[in-house]
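Reading through the structure tokens given below for one structure.
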Amino acid sequence: MGKKSSSSSSSSSSWLRYTHPRYYVKRPKALALVILAFVSVSWLFWDRQSLSREHQIELARLSEQLTSLQNELEEVENLLKLENTVFKDDPISMERREKVKDAMLHAWTSYEKYAWGQDELQPQTKNGINSFGGLGATLVDSLDTLFIMGLHEQFQRAREWVAKSLDFNKDYEASVFETTIRVVGGLLSAYDLSGDKVFLEKARDLADRLLPAWNTPSGIPYNQINLAHGNAHNPRWTGGNSILADSGTEQLEFIALSQRTKDPKYQKKVEYVIQELHKIFPTDGLLPIYMNPHTGVTSPSTITFGAMGDSFYEYLLKVWIQGNKTEAVKQYREMWETSMKGLQSLIRRTTPSSFTYICEKNGNTLSDKMDELACFAPGMLALGSDGYGPGEAEKILSLAEELAWTCYNFYQSTPTKLAGENYYFRAGEDMSVGTSWNILRPETVESLFYLWRFTGNKTYQEWGWNIFQSFERNSRLETGYVGLKDVNTGVKDNMMQSFFLAETLKYLYLLFSPPSIISLDEWVFNTEAHPLRIITRNTNGENFEMQGRQQVPHRFHGRKEGRSEYH
């Protein structure tokens with residue numbers, strides 16, 4: 001027992017010496033090993049603690065991402081439920097869509113047969129006419145409609161004509177506005193849909209010929225230019241003034257061209273116009289239709305959402321959408337909302353039926369007149385409604401629906417069920433036709449398309465179908481489609497306007513198509529109904545292409561001519 005106790009005491013003393021500092025004074029190597037061991041253990045402990053903290057942070061981040069993805073998944077599921085219920089591609093819509101496609105094929109085949117390569121078809125005399133200087137206006141205007149409807153062979157033949165025969169070196173006084181929205185817009189849209197660079201190259205060539213129109217003291221462009229020589233001027237009948245709509249409706253196309261060519265010069269020219277107009281922008285956001293291109297100030301003239309004013313307001317909204325609603329394009333939205341307050345100040349209602357309409361204004365005097373051209377406004381209001389807060393959004397959408405009802409009744413109020421060019425609202429009367437021609441305009445159908453997309457209300461499809469049938473009854477000939485000289489008598493004219501194929505039939509087709517076809521989340525329509533892809537813009541002025549390219553299905557499973565005088 002005693003021996004064992006002595007051995008244990010000796011062993012304990014042996015271990016205790018390693019804890020005494022004197023032991024290591026004489027043994028530096030042992031000291032170094034102890035220090036190294038201490039550092040290693042401390043580092044290992046600290047590293048495990050650090051990893052634990054990082055692990056916790058990473059888990060928290062992943063948890064947030066999971067929650068976000070779950071919310072997004074829930075939103076997608078809700079959207080899918082909505083599409084399966086409200087936007088279901090039902091047999092009636094499919095049948096109507098095919099009828100509209102047949103109408104497009106009839107119009108296009110007639111154009112191919114009697115007016116190939118010329119600007120517009122005159123169906124009654126079976127010949128073409130170069131009303132836009134021989135730029136193939138109907139052909140270029142129709143490119144995206146053909147593509148969207150899946151008319152491949154027709155699209156390819158048109159593409160070959162563009163590549164081999166479309167020439168802009170013409171001694172012709174072109175309307176900068178009409179040429180931009182129809183031809184530049186049509187080519188850019190065909191490029192965005194097909195990816196074929198021949199369309200982009202042609203668009204750039206034409207835009208370069210139009211650019212000298214912006215070389216004015218104020219930056220407000222002249223509205224006409226010689227395509228071959230670059231001489232720009234304004235029409236005599238404007239008194240030397242530039243027109244509001246004609247000067248403020250090139251932004252979408254020229255910004256899109258800069259984005260796709262990486263050349264900022266087009267965007268700079270057209271955005272400078274908006275910057276200058278912002279300096280003189282009134283508190284109600286309503287500008288007269290005439291501006292002096294030398295001084296940059298407005299001239300006393302009519303304020304209207306009809307001819308010569310209309311699309312300026314439309315483009316304030318759509319450039320904001322084109323830039324994906326970022327801070328870089330916020331000023332456009334702000335200007336548009338100011339203008340919409342002004343629009344509401346022009347709203348009046350008839351007796352006895354309380355039709356809502358938009359007045360025109362000259363000085364302090366209101367005129368109870370509304371152009372059919374102004375029937376783009378309900379669609380514009382619907383499109384812009386979701387940028388407001390909840391209360392104001394409902395108010396704007398409600399106004400859009402009221403105006404659309406009036407525009408639909410422009411059609412229903414005549415014997416032919418086709419709308420006249422403008423309407424008057426006299427005391428105690430609902431509406432009466434002023435100028436009685438119809439030139440196949442798209443504006444009412446355009447608004448029905450937007451309202452259906454935003455509300456899912458099939459009533460708008462029914463109204464659109466009724467209008468389409470009226471065109472079929474009154475305007476269809478064996479050789480194409482024509483307008484009416486008089487919507488009361490049904491007497492026909494001799495012109496198939498290019499916008500009938502570019503806009504009227506396209507909007508009708510999309511009215512009966514699922515909303516995924518040319519989604520408004522990915523595309524914005526120019527004023528000639530040419531869809532351009534939305535590209536995000538940042539505050540440095542750079543453009544970032546949105547991920548992916550929407551493929552437009554070719555098969556589904558189970559504006560502006562006639563501003564002054566009629567010809």
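When a residue number appears, it is its place in the shown sequence, counting from 1. Just so it is clear, the values below take in all heavy atoms, side chains as well, and ignore hydrogens, waters and symmetry mates.
No donor-acceptor distance shorter than 3.5 angstrom exists from the side chain of Asn130 to the backbone of Phe132, with no hydrogens or angles considered. With Asp246 contributing its side chain and Met308 its backbone, the two residues share no donor-acceptor pair below 3.5 Å.
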Residue pair Asn466, Tyr408: steps toward the side chain to side chain donor-acceptor pair (under 3.5 Å) verdict: CA-CA 10 Å; Asn466 291 340; Tyr408 176 61; 2.8 Å; yes
Start with the C-alpha distance between Glu503 and Arg441, add both sets of side-chain angles, then the distance that settles salt bridge (Lys or Arg N to Asp or Glu O under 4.0 Å), and finish with yes or no. CA-CA 8 Å; Glu503 300 186 73; Arg441 288 202 188 277; over 6 Å; no
What verdict does the side chain to side chain donor-acceptor pair (under 3.5 Å) test give for Arg182 and Ser498, after you've listed the backbone C-alpha separation in whole Å, the side-chain angles of each residue and the deciding distance to 0.1 Å? CA-CA 9 Å; Arg182 297 184 195 230; Ser498 80; 2.6 Å; yes
Take Leu227 and Leu210 through the test side chain to side chain contact (heavy atoms under 4.5 Å, CB included) and record every step on the way to the result. CA-CA 7 Å; Leu227 293 180; Leu210 296 174; 3.9 Å; yes
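The structure places CZ of Phe410 at 12.5 Å from CG of Asn438, a figure rounded to the nearest 0.5 Å. Taking CD of Glu462 as the reference point, atom CG of Leu511 lies at 9.5 Å (rounded to 0.5 Å). With rounding to the nearest 0.5 angstrom, the SG atom of Cys407 is 10.5 Å from the CG atom of Leu373. The OG1 atom of Thr479 sits 6.5 Å away from the CG atom of Leu121 when rounded to the nearest 0.5 Å. A distance of 8.5 Å separates CG in Leu501 from CE in Met149, rounded to the nearest 0.5 Å. Note that CD1 of Ile535 is 12.0 Å distant from CD of Glu522, once rounded to the nearest 0.5 Å.
Classification of the Tyr266-Phe254 ring pair by plane angle, with boundaries at 30° and 60°, yields perpendicular. Between Trp116 and Trp108, the ring planes lie perpendicular to each other; the angle is over 60°, past the 30° to 60° tilted range. Taking the six-membered ring where the residue is Trp, Phe512 and Trp465 present perpendicular rings, their angle passing 60° and hence far from 30°.
Taking the six-membered ring for Trp, Phe471 and Tyr481 have ring centres at least 6.0 Å apart. The aromatic ring centres of Tyr450 and Tyr460 sit 6.0 Å or more apart.
No side-chain donor-acceptor contact under 3.5 Å links Ser258 and Gln267. Between the side chains of Glu402 and Tyr357, not a single donor N or O lies within less than 3.5 Å of an accepting N or O. Asn488 and Thr414 are not linked by any side-chain donor-acceptor pair at a separation below 3.5 angstrom, with hydrogens and angles left out of the test. Looking at Asp167 and Asn169, their side chains never bring a donor and an acceptor atom within 3.5 Å of each other.
Taking 4.0 Å as the cut-off between side-chain N and carboxylate O, Asp208 and Lys265 count as a salt-bridged pair. Salt-bridge annotation for Lys164 and Glu160: present, with a side-chain N of the basic residue lying under 4.0 Å from a carboxylate O of the acidic one. Contact check on Glu528 versus Lys506 returns no salt bridge, with no Lys/Arg side-chain nitrogen under 4.0 Å from an Asp/Glu carboxylate oxygen. Taking the charged nitrogens against the carboxylate oxygens, Arg537 and Glu271 do have a contact shorter than 4.0 Å, which makes a salt bridge. Between Lys458 and Asp90 a salt bridge is recorded (basic side-chain N to carboxylate O distance below 4.0 Å).
Residue-environment remark: NZ (Lys268) stays at or below the threshold of 12 foreign heavy atoms within 6.0 Å. More than 12 heavy atoms of other shown residues, nucleotides or ligands fall within 6.0 angstrom of atom NZ in Lys170. More than 12 heavy atoms of other residues, nucleotides or ligands lie within 6.0 Å of NZ in Lys417, so this atom counts as buried by the packing criterion.
None of Leu532, Leu383, Thr527 except one satisfies the side-chain contact (heavy atoms from CB on, under 4.5 Å) rule with Lys318; the exception is Leu383. Each of Gln251, Gln322, Glu250, Glu253 was scored for a side chain to side chain donor-acceptor pair (under 3.5 Å) with Tyr315, with one residue passing: Glu253. Between Leu200 and the choices Asp192, Asp205, Leu257, Leu187, the side-chain contact (heavy atoms from CB on, under 4.5 Å) rule is met once, by Leu257.
Under the ring pair (Phe, Tyr, Trp, His ring centres under 6.0 Å) criterion, Tyr411 pairs with no residue, sequence neighbours left out. Considering only residues two or more places apart in sequence or on other chains, Phe312 meets the ring pair (Phe, Tyr, Trp, His ring centres under 6.0 Å) condition with none of them.
Residues Ile129 and Asp119 fail the side-chain proximity criterion, which asks for heavy atoms closer than 4.5 Å. Side chains of Tyr424 and Val433 form no contact here, defined as non-hydrogen atoms less than 4.5 Å apart.
Sorted by first and then second residue, the salt bridge (charged side-chain N to carboxylate O under 4.0 Å, His left out) pairs involving residues 464-475 (not counting sequence neighbours) are Glu472-Arg476.
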